[in-house]
> 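Below are the structure tokens for one structure; questions will follow.
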Amino acid sequence: MLQLNNVEVIYNDVILVLKGLSMEVKQGQIVALLGANGAGKSTTLKAISGLLKPDDGEVTDGSILFMGQPIHNKDAEDIVRAGIFQVMEGRRVFEHLTVEENLQAGAYTRRDRRNIARDMERVYDYFPRMAQRRHQQAGFLSGGEQQMLAIGRALMARPKLMLLDEPSLGLAPLLVREIFDIIKRINAEEGTTILLVEQNATLALGIADYGYIMENGRVVLEGTAEQLANNEDVKEFYLGLTEVGKRKSYREVKHYKRRKRWLS
Amino acid sequence: MDKFLQLTITGLTTGMVYALIALGFVIIYKSSDVINFAQGELMVVGAYLLYAFIVQFGLPASLAMAATLGVAVLLGVTIERLVLRPMIGEPIISLIMVTIGLSSVLKGMVNAIWGPVPRPFPEFIPRANVAIGPAVVPADRLIAIAIALFFLVLFTLFFRFTREGIAMRAIADDQQAALSMGISVKRVFAVAWAIAAVSAAVAGAIVANIIGVGGEIAGLGLRVFPVVILGGLDSVPGAVIGGLIIGLLEAYTGGYIGEGLNLIIPFIVLLLVLMVRPYGLFGKVIIERV
């Protein structure tokens, strides 16, 4: 469905952030994209959704294909119309618009205006709390509710592929569970393919079918969620477990003892 | 008592004209967070266009008005395309500076075409006096009220219920997030500028009908500034209520205390209001979650 081939992204004409990234997202899957801060995960999503331009970024090499069509460096509007919708990091709801107006904004590119009311009901079905607050300004919602609204807003566009950038950011563990359950439901019930960027590797691998691990603008490891969860390096560096499988305290972490084997 | 009534009615009518001008500011600010300092010059251009169509081309008033509005739409879209689009994503302050430059360019163009001398304006709205009880009001003021009310309702409905209206407010809130919804910032800005140019042209025509066509119409744009700030830059009802408050204040101070002071009072009120409500009477409150 989505293919990235040797994608290179440069910011401000000088800063090379993605250095030949290749990955693939298959129809109907949940794919997790994991990695540390600054690995280039968000940049990857923005390269796909066409949101690099406001940040002065550009895909300078390689190609991004969606359903066989090249979409790199296209305008965000065209990409949304093609069926890719990014839920941006940090929720980014329209604070002064009501919940309902936020959802309407999400449906901006829809041509079948008649079905919008029905889809709104479906969003309220996924997130009953949104229904109670439909006439409230989104800025006054709690963080968890805003994240739900951001995902609901994406649903309103009826995307084929949803890009989620750190939906767990800054939320209480219980809420994170709830949101991840809903992501899984959306994938199963709507058939929406999902590309999920996360720092919380345990959670992400818990719902994903396939995963990629990024470091320094490249994919360094990939595999099914199960393979990754059982990989010694991933356990050590992303899941916070030692080789024997017990939780490690930060005091004992001595990174020099063990090098990431994928870094040549 | 008669004097009070007369002043009240005069104040309300001037206030409504202010409100109409203020709406132009509001629509640009609401969609792009930019204060459009060229709004006053757009009024001048609108007034001169109407003048040209009526006097120089000899069109009947209704046809001339339609032509003016058509050109205003084109002008708004062109300004967006040539002046503002290259600035998308730049800091707001640069955009505001660009509108100041734009006002100079428009002023120069008007001067080059029609010269700096103000001209009498053909009577396209009847100026005859109408008696309301003991007070006397020129008819054009009453028509100004009707037109301003019409635009107020139209804009309010537009922002609340239409796809483009919601998109406009979304862009004002978070431009990048709006982009990620597939909202076309370019298109929405073009629509906003077209609407602003149209409302400026209408306001310009009404003002010209009252004071004649000339560069000083733009000065009114500045006089309206306290109105927009007072009402809240992003509020359509705020523009109207702010307009009425300033209009009434001007009329009362002019009538009871003395001419001249009425030019200062609005700014004093503005200062006082901003001390208490920095976002204006109806402006959007900055939401801070803690």
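So that the names make sense, note that chain A is the first sequence line, chain B the second, and so on, each numbered from 1.
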> Can you tell me how far apart CD1 (I116(A)) and CZ (R163(B)) are? Round to the nearest 0.5 Å.
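Result: 8.0 Å between the selected atoms.
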> If you count every heavy atom of other residues, nucleotides or ligands that lies below 6.0 Å from L174(A) atom CG, does the total exceed 12?
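Count not over threshold, so no.
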> Please classify the contact between A172(B) and chain A as side chain, backbone, both or neither, with a heavy-atom cut-off of under 4.5 Å.
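Neither part.
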> Report which part of D75(A) has an atom under 4.5 Å of a heavy atom belonging to chain B: side chain, backbone, both, or neither.
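Side chain of D75(A) only, per the 4.5 Å heavy-atom cut-off to chain B.
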> Look up atom CG in D174(B) and atom CZ in R91(A), then write down how far apart they are to the nearest 0.5 Å.
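D174(B) CG to R91(A) CZ: 12.5 Å, rounded to 0.5 Å.
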> State whether the number of non-hydrogen atoms from other residues, nucleotides or ligands found under 6.0 Å of F150(B) atom CZ is greater than 12.
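It does not: F150(B) CZ has 12 such atoms or fewer within range.
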> Residue by residue, scan residues 104-114 of chain A and write down, ordered by number, those that have a heavy-atom distance under 4.5 Å to chain B; if none do, write 'none'.
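Near chain B, by residue number: Q104(A), A105(A), G106(A), Y108(A), T109(A), R110(A), R113(A).
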> So which bits of residues 79-90 of chain A come within less than 4.5 Å of chain B, counting non-hydrogen atoms only?
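Under the 4.5 Å heavy-atom cut-off, V80(A), F85(A), Q86(A), M88(A) qualify.
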> Got a second to check how far M181(B)'s CE is from N102(A)'s CG, nearest 0.5 Å?
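The CE atom of M181(B) sits 8.0 Å away from the CG atom of N102(A).
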> Looking only at heavy atoms and a cut-off of under 4.5 Å, which of E101(A), M156(A), K46(A) has the most pairs with chain B?
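Result: the option with the highest number of such pairs is E101(A).
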> Heavy atoms only, distances under 4.5 angstrom: which of D55(A), L51(A), V93(A), L97(A) has the most pairs with chain B? Name it, please.
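The candidate making the most pairs under 4.5 Å is L97(A).
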> According to the side chain to side chain donor-acceptor pair (under 3.5 Å) rule, which pairs have a member within residues 162-177 of chain A, sequence neighbours left out?
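Residue pairs with at least one partner in residues 162-177 of chain A: S42(A)-D165(A), E166(A)-Q199(A), S168(A)-E198(A).
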> Just checking R185(A): does its CZ atom have more than 12 heavy atoms from other residues, nucleotides or ligands closer to it than 6.0 angstrom?
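More than 12 heavy atoms, drawn from other residues, nucleotides or ligands, come within 6.0 Å of this atom.
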> Measure the CG-OG distance between L45(A) and S180(B) for me, rounded to the nearest 0.5 Å.
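So the gap between those two atoms works out to 11.5 Å.
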> Atom CZ in R92(A), atom CG in L179(B): separation rounded to 0.5 Å?
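So the gap between those two atoms works out to 10.0 Å.
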> Side chain, backbone, both or neither: which part of K53(A) has a non-hydrogen atom closer than 4.5 Å to chain B?
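No part of K53(A) comes within 4.5 Å of chain B.
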> Supply the atom-to-atom distance I166(B) CD1 to L103(A) CG, rounded to the nearest 0.5 angstrom.
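The distance works out to 10.0 Å.
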> Looking at every non-hydrogen atom in both residues, tell me the closest pair between E95(A) and D173(B) and how far apart they are.
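Result for this residue pair: N-OD2, 2.6 Å.
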> Where along residues 66-74 of chain A does a heavy atom come under 4.5 Å of chain B, listed by residue number?
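Expected list: none.
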> For R277(B), does the CZ atom sit with more than 12 other heavy atoms under 6.0 Å from it, leaving out its own atoms?
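Yes, because the 6.0 Å sphere around CZ of R277(B) holds more than 12 heavy atoms from other groups.
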